[in-house]
Amino acid sequence: MENHFGFTQVGGYLGFPPEPMQKYPAVFEMFANNLQPNFVADFVQFCQVTHPQFIIIGPGANQAMIKAISGLNWPTRKIDDVTVLTVPSQ
């Protein structure tokens, strides 16, 4: 605010993944937008360990990633152009 909102954030880039998250292959696959053959298993493992409640998929997300995550058949709802998946409790 002090700089009168003189910075913009294009594409949602938040920087390199924090060090504690770097040990999870799924984090780098999502970060690099480069799915590997084990992406679904890596993603599920990441969710089992980190316990997120929701996964948010916004416009412009990688279609292969959307298809892979949607294949988990987790409860899903659409809110405008955003998809919200509820991660099952483990």
Side-chain angles (χ1 to χ4, degrees):
M1 186 176 105
E2 290 176 358
N3 111 331
H4 307 285
F5 301 99
F7 297 95
T8 60
Q9 184 173 340
V10 178
Y13 179 72
L14 297 174
F16 202 69
E19 188 174 341
M21 296 293 114
Q22 292 178 18
K23 62 185 172 187
Y24 302 106
V27 170
F28 278 107
E29 292 172 70
M30 290 184 288
F31 178 76
N33 204 22
N34 181 16
L35 276 61
Q36 298 299 309
N38 290 333
F39 172 71
V40 173
D42 294 341
F43 183 77
V44 169
Q45 178 194 30
F46 172 76
C47 290
Q48 288 172 339
V49 173
T50 60
H51 307 288
Q53 290 180 293
F54 303 102
I55 304 298
I56 309 299
I57 301 173
N62 178 318
Q63 291 299 309
M65 193 177 302
I66 293 170
K67 184 177 178 182
I69 293 171
S70 296
L72 294 169
N73 295 316
W74 291 349
T76 304
R77 65 180 184 247
K78 291 282 285 181
I79 302 172
D80 296 324
D81 59 352
V82 173
T83 302
V84 180
L85 290 90
T86 302
V87 180
S89 57
Q90 307 300 318

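- Taking hydrophobic clusters as Ile, Leu, Val, Met, Phe, Trp and Tyr residues chained together by side-chain heavy-atom distances below 4.5 Å, L72 does not share a cluster with F46.
- The shortest side-chain heavy-atom distance between S70 and T83 does not fall under the 4.5 Å cut-off.
- Connection of F54 to I79 is established within a shared hydrophobic cluster, with ILVMFWY side chains joined at heavy-atom distances below 4.5 Å, either directly or through further cluster members.
- Q45 CD to T50 OG1: the interatomic distance, rounded to the nearest 0.5 Å, is 10.0 Å.
- Within a 6.0 Å sphere centred on NZ of K67, heavy atoms belonging to other residues, nucleotides or ligands number 12 at most.
- Residue I57 is grouped with residue F43 when hydrophobic side chains (ILVMFWY) are merged at heavy-atom distances under 4.5 angstrom, including chains of intermediate members.
- Side-chain atoms of T86 do not come within 3.5 Å of backbone N or O of V84 as any donor-acceptor pair.
- Linking Ile, Leu, Val, Met, Phe, Trp and Tyr residues whenever their side-chain heavy atoms come within less than 4.5 Å leaves V87 and V49 in two separate clusters.
- M30 and I66 fall within a single hydrophobic cluster, where Ile, Leu, Val, Met, Phe, Trp and Tyr are joined by side-chain heavy atoms under 4.5 Å apart, directly or via other members.
- Between the CD atom of E29 and the CG atom of D42 there is a distance of 4.5 Å, given to the nearest 0.5 Å.
- Between N33 and M65 the shortest side-chain heavy-atom distance falls below 4.5 Å.
- Between F28 and N34 there is no side-chain heavy-atom pair separated by less than 4.5 Å.
- Taking each heavy atom of C47 and P52 in turn, the nearest pair found is O-CD, 3.4 Å.
- One finds the CD1 atom of I69 at 7.5 Å from the CG atom of L35 (value rounded to the nearest 0.5 Å).
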